Asks: 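One structure, as structure tokens, below. Some questions next.
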Number of protein chains: 2
Amino acid sequence: MTIMHTRPRAFSMMENTMNERPFAQAINRLREVDLRPTRQRLALAKLLFERGCDRHVTAETLHEEAQKSGARVSLATVYNTLHQFTDAGLLREIMVDSGKTYFDTNIDDHHHFLCERSGQLTDIPAHMVTVAELPQAPDGSKISRVDIVIRICDQ
Amino acid sequence: MTIMHTRPRAFSMMENTMNERPFAQAINRLREVDLRPTRQRLALAKLLFERGCDRHVTAETLHEEAQKSGARVSLATVYNTLHQFTDAGLLREIMVDSGKTYFDTNIDDHHHFLCERSGQLTDIPAHMVTVAELPQAPDGSKISRVDIVIRICDQ
DNA sequence: GGCTAAATTAGAATAACTCTAGAAATGCAA
DNA sequence: TTGCATTTCTAGAGTTATTCTAATTTAGCC
Ligand SMILES: [Mn+2]
Ligand SMILES: [Mn+2]
Ligand SMILES: [Zn+2]
Ligand SMILES: [Zn+2]
């Protein structure tokens with residue numbers, strides 16, 4: 001049996017920026033909702049949250065990304081994990097068109113541009129849209145969310 | 001060979017109301033776009049447009065309805081017809097959630113309530129919603145439509 | 001280390017479509 | 001009418017996105 005000399009690596013500024021916050025947050029959030037931080041869940045959380053910008057992924061695209069990054073995660077686990085993260089409030093599920101489900105790393109109140117040519121989704125912060133008047137919800141129900149999709153096409 | 005005495009039936013108020021207009025409109029529209037008014041297409045147009053109220057059907061539900069009404073139409077034809085009607089501007093395609101495509105007989109500018117429990121869609125005329133401020137469409141593109149879905153849940 | 005529950009996985013199954021290729025209906029011309 | 005080309009319809013096969021299943025692996029704990 002060999003003894004590994006696992007020297008602690010030198011600390012690097014590049015690897016410990018603000019961007020790690022949402023990842024650390026994710027780990028804590030997983031603990032909160034009783035999801036064990038497994039190798040697979042951590043790899044996916046890293047891909048989803050480490051680069052801060054808002055992402056809209058499908059199970060398929062995230063799975064490919066995981067493969068490329070060297071993480072071995074099955075597609076079934078990607079589906080499971082995306083749904084678990086969604087239930088934990090770390091992701092939002094979006095279904096606009098084309099029979100694919102997108103998962104959105106931006107969980108703030110916001111809306112979307114949808115490019116009719118490419119299918120690309122782009123975030124619109126809620127404060128950029130002003131809805132002056134909304135109809136009453138039918139009796140016995142209340143409004144839980146208002147989703148606005150602005151479809152755009154080439155001019 | 002027998003000669004049929006096809007007496008013209010007595011005119012009935014019940015059968016010639018305002019409600020026939022959209023159906024007649026549909027037939028004309030089909031001619032306009034070079035879709036022959038075949039037995040199948042007429043049967044489906046009848047189901048879709050004859051009862052005036054706004055409908056949100058899936059291929060599956062319309063197919064069942066056709067069967068029950070005694071019309072023999074294959075599911076493939078229901079899909080073809082729904083897409084042809086949509087291309088002809090007689091229907092609008094809606095995809096909200098749950099991976100099913102709905103076809104909307106209301107082609108006026110309008111929005112939807114979506115019941116999160118039952119998945120039921122209900123129309124909201126455009127004038128009931130006032131959007132005061134919209135963001136600029138990205139460069140080189142223009143806004144083609146704004147879709148608003150108001151999600152409701154039991155209070 | 002050994003136990004137990006939770007998590008992962010490959011592959012089968014399902015749901016909602018779409019495609020294909022042959023049959024039927026239709027339109028038109030001879 | 002009858003023949004021929006074109007359109008439409010249809011059953012069933014194929015596809016895609018997703019879920020399920022049941023066996024294996026891993027994690028947390030004593
Ligand atoms: Mn889901
Ligand atoms: Mn379509
Ligand atoms: Zn978003
Ligand atoms: Zn509608």
Side-chain angles (χ1 to χ4, degrees), chain A residues 1 26-47 56-67 69-88 90-91 93-104 119 121, chain B residues 1 26-27 29-47 56-67 69-88 90-91 93-103 119 121:
Chain A
M1 184 187 279
I27 296 183
N28 291 335
R29 200 62 161 282
L30 290 188
R31 288 227 177 77
E32 274 174 38
V33 294
D34 285 318
L35 289 177
R36 294 179 186 172
T38 62
R39 180 171 54 76
Q40 290 87 340
R41 293 209 267 238
L42 288 178
L44 294 177
K46 209 160 194 161
L47 291 171
H56 303 99
V57 305
T58 66
E60 201 66 50
T61 61
L62 183 61
H63 184 234
E64 272 169 38
E65 215 180 308
Q67 311 255 254
S69 83
R72 284 188 314 296
V73 188
S74 75
L75 183 58
T77 296
V78 173
Y79 272 106
N80 289 341
T81 303
L82 285 171
H83 282 123
Q84 289 156 353
F85 283 13
T86 301
D87 293 344
L90 292 168
L91 294 174
E93 217 173 331
I94 300 180
M95 176 163 297
V96 271
D97 251 323
S98 83
K100 273 182 212 162
T101 301
Y102 285 83
F103 293 86
D104 193 337
L121 285 169
Chain B
M1 182 186 281
I27 295 182
R29 199 62 161 280
L30 290 189
R31 288 226 177 77
E32 273 174 40
V33 295
D34 284 320
L35 289 176
R36 294 179 186 169
T38 62
R39 182 171 53 77
Q40 290 87 339
R41 293 209 268 238
L42 289 178
L44 295 177
K46 209 161 194 159
L47 291 171
H56 303 99
V57 305
T58 66
E60 201 66 50
T61 61
L62 183 60
H63 184 234
E64 270 169 40
E65 215 179 309
Q67 312 255 255
S69 82
R72 282 187 317 294
V73 188
S74 75
L75 184 57
T77 296
V78 173
Y79 273 105
N80 290 340
T81 303
L82 285 171
H83 283 125
Q84 289 155 354
F85 283 13
T86 301
D87 293 344
L90 291 168
L91 294 175
E93 218 173 328
I94 301 179
M95 179 164 298
V96 272
D97 250 324
S98 84
K100 274 183 213 162
T101 300
Y102 285 82
F103 292 87
L121 286 169

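This structure is a prediction, so every number in the text was calculated from the model and none was measured. First the proteins, then the strands, lettered A, B, ... as listed; each starts at 1. As a basis for the values below, the full set of heavy atoms in this structure was taken, side chains included, without hydrogen atoms, waters or symmetry mates.
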Asks: How many Å lie between CG on A:N80 and C1' on D:dT19, as a whole number?
Replies: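 One finds 9 Å between C1' of D:dT19 and CG of A:N80, rounded.
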
Asks: Find the distance B:H83:NE2 to C:dT18:P and express it as a whole number of Å.
Replies: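 My rounded result for the distance is 5 Å.
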
Asks: Let me know the distance between CD of A:E93 and P of D:dT19, rounded to the nearest Å.
Replies: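 Whole-Å distance recorded here is 8 Å.
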
Asks: Looking only at heavy atoms, which two atoms of A:L30 and A:L90 are closest? And how far apart?
Replies: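 Closest approach of A:L30 to A:L90: CD2-CD1, 4.0 Å.
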
Asks: Measure from CG on B:L42 to P on D:dT7 and round the result to the nearest Å.
Replies: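 The answer, rounded to whole Å, is 19 Å.
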
Asks: Just how far is it from atom OG1 of A:T86 to atom CG of A:D104, taken to the nearest 0.5 Å?
Replies: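 Between A:T86 OG1 and A:D104 CG, I get 9.5 Å after rounding to 0.5 Å.
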
Asks: Any side-chain N or O of A:R72 under 4.0 Å from OP1/OP2 of C:dT9?
Replies: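 A:R72 to C:dT9 OP1/OP2: no side-chain N or O under 4.0 Å.
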
Asks: From the set D:dT10, D:dT18, C:dA7, return the single nucleotide nearest to any side-chain atom of A:T101.
Replies: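 Shortest atom-to-atom distance from the side chain points to D:dT18.
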
Asks: Mind checking the CZ-CG spacing from B:R36 to B:L42? Nearest 0.5 Å is all I need.
Replies: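 Taking CZ in B:R36 and CG in B:L42, the distance rounds to 13.0 Å.
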
Asks: Test your reading of the model: is there a side-chain donor-acceptor pair from A:T81 to the backbone of A:T77, 3.5 Å cut-off?
Replies: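 Flag set: sc A:T81 to bb A:T77 pair under 3.5 Å.
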
Asks: Ignoring hydrogens, what is the shortest heavy-atom contact between A:P37 and A:R31? Give both atom names and the distance.
Replies: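 Smallest interatomic distance, heavy atoms only, reads CG-NH2, 4.1 Å.
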
Asks: Is the ring centre of B:H83 less than 6.0 Å from the ring centre of B:F103?
Replies: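 B:H83 vs B:F103: aromatic centres under 6.0 Å.
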
Asks: Quickly work out the B:D34 CG to C:dG27 C1' distance and round it to whole Å.
Replies: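 Computing the B:D34:CG to C:dG27:C1' distance gives 13 Å.
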
Asks: Between P on C:dA16 and CG on B:L62, what's the gap in Å once rounded to a whole number?
Replies: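 My rounded result for the distance is 15 Å.
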
Asks: Tell me, do B:V78 and B:L44 make a side-chain contact under 4.5 Å, heavy atoms counted?
Replies: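 With C-beta onward as the side chain, the pair touches.
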
Asks: Rounded to whole Å, how long is the line connecting atom OH of B:Y79 with atom C1' of D:dA11?
Replies: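 The distance from OH of B:Y79 to C1' of D:dA11 comes to 15 Å, rounded to the nearest Å.
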
Asks: Hey, what are the protein-to-nucleotides 25-30 of chain D N/O distances that come in under 3.5 Å?
Replies:
none

Asks: From A:F85 CZ over to A:N80 CG, what is the distance, rounded to the nearest 0.5 angstrom?
Replies: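 Those atoms lie 11.0 Å apart.
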
Asks: Is the closest side-chain heavy-atom distance between A:R41 and A:V73 below 4.5 Å?
Replies: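 Of all side-chain heavy-atom pairs linking A:V73 with A:R41, none is under 4.5 Å.
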
Asks: Grab the CG-C1' distance between A:L30 and C:dA7 for me, whole Å please.
Replies: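 Going from CG in A:L30 over to C1' in C:dA7 covers 13 Å.
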
Asks: Sort me out a list of protein N/O and nucleotides 12-16 of chain D N/O pairs below 3.5 Å, or just none if empty.
Replies:
none

Asks: Could you tell me whether the phosphate oxygens of D:dC9, OP1 or OP2, come under 4.0 Å of any side-chain nitrogen or oxygen in B:T77?
Replies: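 Indeed not, no polar side-chain atom of B:T77 lies that close.
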
Asks: If you check the A:L75 side chain, which of D:dT19, D:dT18, C:dC17 turns out closest?
Replies: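 From the listed options, D:dT18 comes nearest.
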
